S.K.: 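Below you'll find the structure I mean.
Since this is a predicted model, take the numbers as computed values, not measurements.
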Amino acid sequence: MHIEFIAKESATASQWTGGQTREYSIYPKEALYGNRNFDFRISSATIEAIPSEFTKFEGYHRYLAMLDGQLQLTINGIDKQYQNHELFTFQSTDDITSYTLGTDFNLMLRNDIVDEVVEVRNQPFLTNQPFILLFALEEGTVEIKEDSLVLKPWDAVLIANEQKETVEVILKQQMIIAYWSIPELKQ
């Protein structure tokens with residue numbers, strides 16, 4: 001099991017048409033977002049233009065939550081509003097226009113990802129999934145096995161649990177947590 005701490009400040013920044021994106025992690029490591037050859041991508045983006053069109057591409061679905069306020073969108077012609085830290089999911093082929101300035105959390109998963117759980121929680125949990133994500137919404141300490149990590153808002157932890165050990169994560173503060181499996185390639 002490998003535990004990777006990713007401070008918000010260390011995430012790689014790049015421009016997109018509506019603002020700036022910070023890439024926390026992409027898997028596999030040699031994958032490139034622009035090539036659309038990744039299994040998953042964890043990022044945070046600023047929305048600096050109104051209106052702002054979300055990037056569309058085939059083969060992925062996304063989880064998104066505003067980190068610093070409400071979010072007003074039009075999704076496939078339907079107006080929606082989400083509260084601060086409220087998660088919503090959508091296909092990357094959906095027509096989405098944002099009418100909000102701010103910063104979001106974004107988890108992109110290939111459509112064949114299985115056994116995924118993505119939620120906001122503040123209580124301990126157990127999982128044996130091969131990939132586990134913790135994204136801090138407020139400052140606090142997280143315990144994973146014998147490791148204790150202090151996370152500031154918008155820091156992340158990505159756990160690669162290839163042996164599928166049962167992992168207990170102890171947290172008391174609000175976080176976005178996620179875990180999932182990538183199906184084996186058929187020979």
Side-chain angles (χ1 to χ4, degrees), residues 1-49 51-68 71 73 75-76 87-98 100-118 127 129-137 149 151-164 175-187:
M1 182 170 60
H2 175 73
I3 300 171
E4 179 184 7
F5 171 78
I6 309 160
K8 176 185 97 170
E9 295 79 22
S10 69
T12 304
S14 62
Q15 289 298 124
W16 69 286
T17 55
Q20 186 179 72
T21 297
R22 289 186 173 277
E23 184 176 271
Y24 284 75
S25 185
I26 193 165
Y27 182 88
K29 294 285 185 195
E30 64 276 0
L32 296 172
Y33 172 74
N35 292 345
R36 309 296 195 256
N37 62 348
F38 57 92
D39 294 327
F40 65 83
R41 181 178 186 251
I42 303 157
S43 64
S44 175
T46 59
I47 304 169
E48 300 172 3
S52 174
E53 303 292 327
F54 281 26
T55 305
K56 292 170 61 172
F57 48 94
E58 295 283 335
Y60 294 88
H61 60 285
R62 297 164 63 173
Y63 291 87
L64 191 135
M66 280 308 277
L67 298 173
D68 57 2
L71 180 61
L73 301 169
I75 303 173
N76 298 325
L87 281 165
F88 74 98
T89 188
F90 59 95
Q91 288 296 316
S92 286
T93 53
D94 288 342
D95 290 318
I96 300 184
T97 303
S98 172
T100 305
L101 299 176
T103 304
D104 67 27
F105 160 84
N106 193 350
L107 173 62
M108 298 179 185
L109 300 172
R110 208 176 61 209
N111 280 343
D112 64 346
I113 296 288
V114 295
D115 302 325
E116 70 195 65
V117 171
V118 183
T127 184
Q129 293 293 352
F131 297 97
I132 306 163
L133 168 66
L134 309 171
F135 189 89
L137 298 174
L149 302 167
L151 278 70
K152 294 179 182 168
W154 309 356
D155 287 346
V157 174
L158 182 61
I159 303 167
N161 182 26
E162 287 126 8
Q163 296 78 25
K164 298 184 181 179
M175 301 189 122
I176 296 172
I177 65 107
Y179 43 89
W180 61 88
S181 296
I182 296 174
E184 299 295 323
L185 295 176
K186 295 185 179 178
Q187 304 275 334

S.K.: Are side-chain heavy atoms of Gln129 and Ser181 found at a separation under 4.5 Å?
M.R.: yes

S.K.: What pair of heavy atoms forms the shortest contact from Leu101 to Met66, and how long is it?
M.R.: O-CE, 4.0 Å

S.K.: If you apply the rule side chain to side chain contact (heavy atoms under 4.5 Å, CB included), what do you find for Thr89 with Val118, and how did you get there?
M.R.: CA-CA 10 Å; Thr89 188; Val118 183; over 6 Å; no

S.K.: Quick check: closest heavy atoms across Arg22 and Glu9, and the distance to 0.1 Å?
M.R.: NH1-O, 4.0 Å

S.K.: Would you call the rings of Phe90 and Phe54 parallel, tilted or perpendicular, taking 30° and 60° as the class edges?
M.R.: tilted

S.K.: Holding to side chain to side chain contact (heavy atoms under 4.5 Å, CB included), I want the full list of residues that pass it with Thr103, two or more places apart in sequence or in another chain.
M.R.: Ser44, Thr46, Leu67, Asp68, Trp154

S.K.: Side chains of Asn161 and Thr127: closer than 4.5 Å at any heavy-atom pair?
M.R.: no

S.K.: Kindly determine whether Met108 and Thr55 satisfy side chain to side chain contact (heavy atoms under 4.5 Å, CB included), including the steps that lead there.
M.R.: CA-CA 12 Å; Met108 298 179 185; Thr55 305; over 6 Å; no

S.K.: Please walk me through it: do Phe40 and Ile182 pass side chain to side chain contact (heavy atoms under 4.5 Å, CB included)?
M.R.: CA-CA 9 Å; Phe40 65 83; Ile182 296 174; 4.2 Å; yes

S.K.: On the six-membered ring of Tyr33, is Arg36 placed so that its NZ or CZ lies under 6.0 angstrom from the centre and within 45° of the ring axis?
M.R.: yes

S.K.: What's the spacing between Leu64 CG and Ile96 CD1 if we round to 0.5 Å?
M.R.: 8.0 Å

S.K.: Report the distance from atom NE2 of His61 to atom CD1 of Ile113, rounding to the nearest 0.5 Å.
M.R.: 7.5 Å

S.K.: When you compare the side chain of Phe88 with that of Leu71, does any pair of heavy atoms fall below 4.5 Å?
M.R.: yes

S.K.: Can you see which heavy atom on Phe135 is nearest to which on Ala156, and at what distance?
M.R.: CD1-CB, 4.0 Å

S.K.: Is a side-chain donor or acceptor of Asp155 paired with a backbone partner of Lys8 at a separation under 3.5 angstrom?
M.R.: yes

S.K.: Does the side chain of Ile42 reach to within under 4.5 Å of the side chain of Tyr27, using non-hydrogen atoms?
M.R.: no

S.K.: Assess, by modelled atom type and distance only, whether the side chains of Ser43 and Glu23 contain a donor and an acceptor separated by less than 3.5 Å.
M.R.: no

S.K.: If you round to the nearest 0.5 Å, how far is OH of Tyr24 from CG of Leu158?
M.R.: 12.5 Å

S.K.: So, taking the atom named CD1 in Ile6 and the one named CG in Leu151, what distance separates them when rounded to the nearest 0.5 Å?
M.R.: 10.0 Å

S.K.: Once you round to the nearest 0.5 Å, how far does CG of Leu109 lie from CZ of Phe38?
M.R.: 9.0 Å

S.K.: As an exercise, state the distance from OH of Tyr60 to OG1 of Thr93, rounded to the nearest 0.5 Å.
M.R.: 13.0 Å

S.K.: Crowded around Gln15 CD? As in, over 12 foreign heavy atoms under 6.0 Å?
M.R.: yes

S.K.: Got Thr100 and Ile47 here, is their nearest side-chain heavy-atom distance under 4.5 Å?
M.R.: no

S.K.: If you take all heavy atoms of Ala136 and Lys152, which pair is closest and at what distance?
M.R.: CB-O, 3.4 Å

